[in-house]
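Data first, discussion second: the structure below is written as structure tokens.
Just follow the structure's listing: the first ligand is 1, and inside any ligand the first atom is 1.
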Amino acid sequence: MADQVYLDYNASAPLCDEAKQAMLAAMDVAGNPSSVHASGRAARKIVDHARRTIADLVGGDSERIVFTSGGTEANNLALNGLEDVTVFTSAVEHPSVIEARPDAKRIPVDANGVTDLAALEAMLKDASDAGQKVLVSVMLANNETGVIQPVAKVGLLAREYGAKVHCDAVQALGRLPVDMGRLLVDMVSISAHKIGGPKGVGALAIAPGVMLVPQIRGGGQEKYRRGGTENVIGIAGFEAAAKRSEANMAKMADVAKLRDRLETELASEAPELLIAGKGTERLVNTSCLILPGMPGETQVMALDLAGVAISSGSACSSGKVRESHVLKEMGVDEPGSAIRVSLGLESTNEDVDTFVRVWSRMRGNAARKKARHAA
Ligand code: PLP
């Protein structure tokens, strides 16, 4: 990232050295973790050790950590793994939740993007009266806005009505405490590449008593919950990143200062700027900035040309521009004019200075161009 200012940590964080080293070491292990010989046992040891570390990180049980190919697969397993359930998801979930269950009922959110608990309670009551089994899926922190959801309150309500709860904690991990017991949830999805681990590996942590039907079959790995030889190298990197994640959480206060300065400077520069979710608790690294009249994609391209990496909307796969359902659900007038700036542990004051300078120049140029056209 030598010459680039990287402010897209919610898309992916840089691989940390610890993960790199752990992965290099795991590359020398030839065995398949399912093989009984010494080399297989060495691979199994890596996977099982990581399982314990990751269980500890989320307050789970190592017997109930299912390694997956990432957050997307973990979410798909959670949403489709329970039999005969009616699914409720918040209206602002990641596409890997929304699209995993197109039949799900949506829990509305308020103008800050926070789940409407009264609406959820009414939905739970109706379902309970109709004798339905329910799974509620509410994320801990939103990937686009950073808005933090009242997951423990969702958990409490769900318990009252005998419903199960899944929480997508992909963006929260390493930034907020993620503890299944405190959150009162039955399943939690996490992903390595958001915490400095490799891309393409994640996990679903499940509570005792939750029986999942595998979505990938064959081989019987992961206690028959997810077939396929485990990604031993990726899992080794995931564990190394997970180990530093608790210590890193303490450093989030520094990230908060950078993010807050960025927002203050932009707001004084551009009074028309809107910050999504500003009226509620957000991840301290995330800013969703709406500059009316200027498409997010145009902003992303202008910033990229100036060497600054950010995202527009949810940017789930590059090149594909989708208007943000999250901002639409929040009632934002121009969801297409949003960009997401997300900082991380390696972000610096200079990164913020460069961003503010480049963004202000871009806004000024656009305003002058508009004035010339109008003249
Ligand atoms: N859930 C959330 C909230 C995310 O932000 C993401 C990725 O951006 C995912 C799930 C998907 O995770 P992965 O990229 O590991 O598939």
Can a salt bridge be assigned to the pair R51 and E222 using a cut-off of 4.0 Å between side-chain N and carboxylate O?
yes
With sequence neighbours excluded, give me every salt bridge (Lys or Arg N to Asp or Glu O under 4.0 Å) pair touching residues 53-62.
D61-R64
Atom 7 (C) of ligand 1 [closest protein heavy-atom partner, distance rounded to 0.1 Å]:
K194 NZ, 2.9 Å
M139 neighbourhood, listing ligand 1 atoms whose heavy-atom distance to it stays under 4.0 Å
3 (C)
Best match, N75, L140, D168: closest heavy atom to atom 3 (C) of ligand 1:
D168
Look up atom CG in D168 and atom OG in S189, then write down how far apart they are to the nearest 0.5 Å.
5.5 Å
Give the residue, atom name and distance (to 0.1 Å) of the protein heavy atom nearest atom 14 (O) of ligand 1.
H193 NE2, 2.9 Å
Inter-residue atom distance L57.CG - I195.CD1, 0.5 Å rounding:
6.5 Å
Is R261 salt-bridged to E265, cutoff N-O under 4.0 Å?
yes
Identify, by atom number and element, the atoms of ligand 1 in contact range of S191, meaning under 4.0 Å from any of its heavy atoms.
13 (P), 15 (O)
S96 heavy atoms within 4.0 Å reach ligand 1 at atoms 10 (C)
Nearest protein heavy atom with distance in Å, relative to atom 4 (C) of ligand 1
H94 CD2, 3.3 Å
In terms of atom number and element, which parts of ligand 1 are under 4.0 angstrom from non-hydrogen atoms of N143?
3 (C), 5 (O)
Return the closest protein heavy atom for atom 16 (O) of ligand 1 as residue, atom name and distance.
T72 OG1, 2.6 Å
Using the side-chain contact (heavy atoms from CB on, under 4.5 Å) definition, which of the options L7, N143, T145, I310 pairs with R340?
N143
For E63, is there an ion pair with K223 - N to carboxylate O distance below 4.0 angstrom?
yes
Check the surroundings of atom NZ in K199: do more than 12 heavy atoms from other residues, nucleotides or ligands lie under 6.0 Å from it?
yes
Protein heavy-atom partner closest to atom 13 (P) of ligand 1 - residue, atom, separation in Å:
G71 N, 3.5 Å
Sub-4.0 Å atoms of ligand 1 with respect to non-hydrogen atoms of G70:
15 (O)
